[in-house]
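Before any comments, here is the structure.
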Amino acid sequence: MDNLGIARVFTDIGDLLEIKDANPFKVRAYRNAADIVGHMAERIADLTDAEVRALPGIGKDLSAKIRELSDTGALAYYDELRQEFPPTILDLLRLQGVGPKTVAVLYAERGIATLDDLETAATEGRLRTLKGMGPKKERLLLRALAEHRTRVGRHLIGHADDVATRVIDYLRADATDTTIVAVGSLRRGCETCGDIDLLAIGTNDQLMSRFTSFPGVERVLGQGPTKSSVLLQGDVQADLRLVPDESAGAATQYFTGSKAHNIAVRDLALQRGLRLNEYGLFRVADDHPVAGASEAEIYAALGLAYVPPELRENRGEIRAAADGALPRLIERTDLKGDLHSHTTATDGHADVETMARAARDTGLEYLAITDHSQALAMANGLDEHRALAHARHIREVSARLDGITLLAGIECDIRPDGTLDLAEDCLAELDLVIASVHSAFGQAEAQMTDRILRAIASPVVDVVGHPTGRLLLRRDPYKLDIEQVLDAAARAGVAMEINSQVDRLDLSDIHARLARARGVKLVISTDAHAPAGFDLLRWGVMVARRAWAEPDDVLNTRPLEAFQASLRRHRKGASAT
Ligand code: DGT
Ligand code: CA
Ligand code: CA
Ligand code: ZN
């Protein structure tokens with residue numbers, strides 16, 4: 001079992017123990033272990049027992065459990081714990097606003113163990129009399145259930161990509177002459193994927209049986225000579241199709257989608273007397289093949305520039321391709337720096353120097369260290385005094401290291417009333433201030449909008465971090481008049497962050513495109529809490545590409561000096577509103 005699998009088991013154990021009302025220290029020990037294992041750069045299976053025990057908060061007992069999981073893929077203690085409850089009970093925790101304490105009450109007092117049980121009980125009004133509940137909470141539960149149903153069966157793109165890579169590597173190891181690529185929503189860079197679509201090009205009699213015998217397959221849903229589907233562990237479905245060389249481009253184009261893009265391209269083809277399907281592009285009149293071996297030749301035969309997969313959503317890309325007006329999309333290699341990272345000073349897992357070296361190793365020229373401010377007490381947030389001491393330390397490390405420059409920044413909390421968590425004269429001493437919301441997510445739209453407008457009005461704020469607060473598949477964005485916020489940001493010269501954490505991707509593609517249209521600059525940041533976190537930049541770049549962003553739209557494509565000059569705090573004539 002890999003690190004993430006182990007982290008997931010420990011998270012479940014923490015939840016089950018809390019549902020059981022176990023000792024809070026024990027609960028915290030498992031959650032802490034989940035956090036540490038989930039954020040480690042090395043495979044924990046590769047560490048010695050002594051190295052595992054040297055990790056913070058991991059003693060003899062937890063290290064033995066880690067070993068049992070990594071060696072056998074199972075844990076007797078976990079299995080026993082799960083026996084005490086119906087297997088569905090953890091599903092309830094996926095609902096917004098439902099924590100282990102609520103689950104414990106629902107189960108003990110009403111016997112609720114499934115989402116369906118909960119829906120029935122809430123609809124019949126049987127929950128409002130429970131301790132700590134009421135008609136309002138009952139309504140919120142019903143809404144959370146409805147939201148949950150729109151999410152089931154989808155997966156974060158980072159997760160879908162990991163799984164797809166493993167399947168493709170496994171298939172390729174045995175089929176070196178066959179090209180295998182991911183298509184569908186994964187290739188388009190969508191924030192979540194319903195399933196994984198793989199396309200193999202060539203002739204290979206063994207490929208389908210090898211696919212269905214991939215070690216991670218839980219169930220084979222269908223197997224044929226050119227198409228098979230499997231359900232993988234973790235409830236991810238994967239489809240594999242095999243097509244001959246001459247249809248490679250047509251099939252790649254067809255199965256990449258989106259459906260809306262394909263329909264529009266097919267209509268355009270028909271207007272030109274051509275028929276497009278997954279086998280090729282043909283003349284309607286006599287079925288003569290016109291193109292099919294590559295995507296580029298298909299788009300060219302239709303009079304279109306090649307449309308990058310991230311733009312294929314029927315959001316104006318076909319007209320732009322016809323007019324030669326497609327953007328020169330930003331690429332990962334355009335980014336010169338990362339502007340959001342945490343260290344052990346707050347809730348990160350590595351010190352300043354380790355983070356700096358890791359950023360340098362991924363090719364970055366500058367990195368802003370932006371630990372939390374004091375309001376995040378749980379994360380050991382910095383007060384003014386510690387923030388300035390931390391800034392001195394960051395600058396010392398920066399002076400010592402070659403090949404990377406550190407910016408002494410902060411992720412300053414925006415309090416519920418819109419004031420900043422640290423004094424302006426302290427923030428003015430730093431090189432970069434990200435202002436973010438981390439509390440009171442339930443505020444009404446007008447209040448939340450004013451709150452963020454007030455932060456933007458402060459002359460020391462350079463960037464708004466993860467501007468909508470969403471957690472994909474878990475928490476909806478807070479209510480916000482995004483257009484009003486973007487207009488204020490444009491006027492003030494404040495940039496909007498695209499946060500690259502795969503469960504945030506916040507701003508979204510649609511909002512980031514709106515930001516560009518309103519004249520707001522973007523930044524793409526990792527929010528890394530560990531050295532491995534810098535790899536996530538690719539996902540932020542993906543969102544920016546889906547937002548039609550060119551390098552110039554994104555401030556951290558600029559070399560250090562030009563970047564600093566473009567920050568709000570150094571811009572001439574930047575106003576407070
Ligand atoms: P997903 O899986 O919900 O994240 O989204 P997709 O886009 O991967 O959708 P999926 O897996 O149902 O189908 C993969 C691609 O196959 C889709 O993007 C376009 C193509 N496709 C599937 N069904 C149709 C269809 O009925 N018409 C057309 N034109 N294309 C289709
Ligand atoms: Ca798909
Ligand atoms: Ca599919
Ligand atoms: Zn944050």
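Keep in mind that this is a model prediction, so the values were computed, not measured. Just so you know, ligand 1 is whichever comes first in the structure, and atom 1 is the first atom listed for that ligand.
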Looking at [X] and [Y], does any basic side-chain N land under 4.0 Å from a carboxylate oxygen?
X	Y	result
D421	R415	yes
R470	E191	yes
R569	D431	no
D509	R315	yes

Any idea which atoms of ligand 1 are less than 4.0 Å away from a heavy-atom of [X]?
X	value
F255	14 (C), 15 (C), 16 (O)
R188	7 (O), 18 (O)
G184	8 (O)

Kindly confirm or rule out an N or O of [X] lying under 3.5 angstrom from an N or O of ligand 1.
X	result
G194	yes
T192	no
R154	yes

Metal check, the Ca ion (ligand 2) vs D195 N/O/S, cut-off below 3.0 Å: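 Short answer: yes, at least one N, O or S atom is under the cut-off.
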Checked the Zn ion (ligand 4): protein N, O or S atoms closer than 2.8 Å come out as E411 OE2, H438 NE2, H466 NE2
Min side-chain heavy-atom separation L232-V217 under 4.5 Å:
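Yes. Closest side-chain heavy atoms under 4.5 Å.
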- prompt: Short question: side chain of S373, backbone of C412 - any donor-acceptor pair under 3.5 Å?
  reply: no
Original post:
Are side-chain N/O atoms of T252 and E295 paired as donor and acceptor at under 3.5 Å?
Top reply: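 No, E295 and T252 have no side-chain donor paired with an acceptor closer than 3.5 Å.
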Practice problem: Compute whether any side-chain donor of one residue and acceptor of the other, for D162 and T165, lie under 3.5 angstrom apart. | Solution: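 D162 vs T165: no donor-acceptor pair found between side chains.
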So for D197 against ligand 1, with non-hydrogen atoms under 4.0 Å, the contacting part is side chain
*Any idea which part of T256 is under 4.0 Å from ligand 1, heavy-atom wise: side chain, backbone, both or neither?*
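Backbone only; the side chain of T256 stays clear of ligand 1.
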- Item | Criterion salt bridge (charged side-chain N to carboxylate O under 4.0 Å, His left out) on R188 and E317, from CA distance to verdict | CA-CA 13 Å; R188 301 198 309 280; E317 73 278 10; over 6 Å; no
Item to check | Parallel, tilted or perpendicular: ring planes of H438 versus H466, cut at 30 and 60 degrees | outcome: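 Judged by the thresholds at 30° and 60°, the geometry between H438 and H466 is perpendicular.
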- Using 30° and 60° as the class limits, which term best fits the ring planes of Y299 and H261: parallel, tilted or perpendicular?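 Rings of Y299 and H261: tilted, 30 to 60°.
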Atom name of the N, O or S atom of D197 nearest to the Ca ion (ligand 2) is OD2
Out of K259, E313, E278, the nearest non-hydrogen contact to atom 25 (C) of ligand 1 is supplied by K259
contact_flag C193 ligand 1 heavy-atom lt 4.0 Å:
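Yes, C193 has heavy atoms under 4.0 Å from ligand 1.
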Got a list of side-chain donor-acceptor pairs under 3.5 Å for residues 218-226, not counting sequence neighbours?
| residue | atom | partner | partner atom | Å |
| --- | --- | --- | --- | --- |
| Q223 | OE1 | T212 | OG1 | 3.1 |

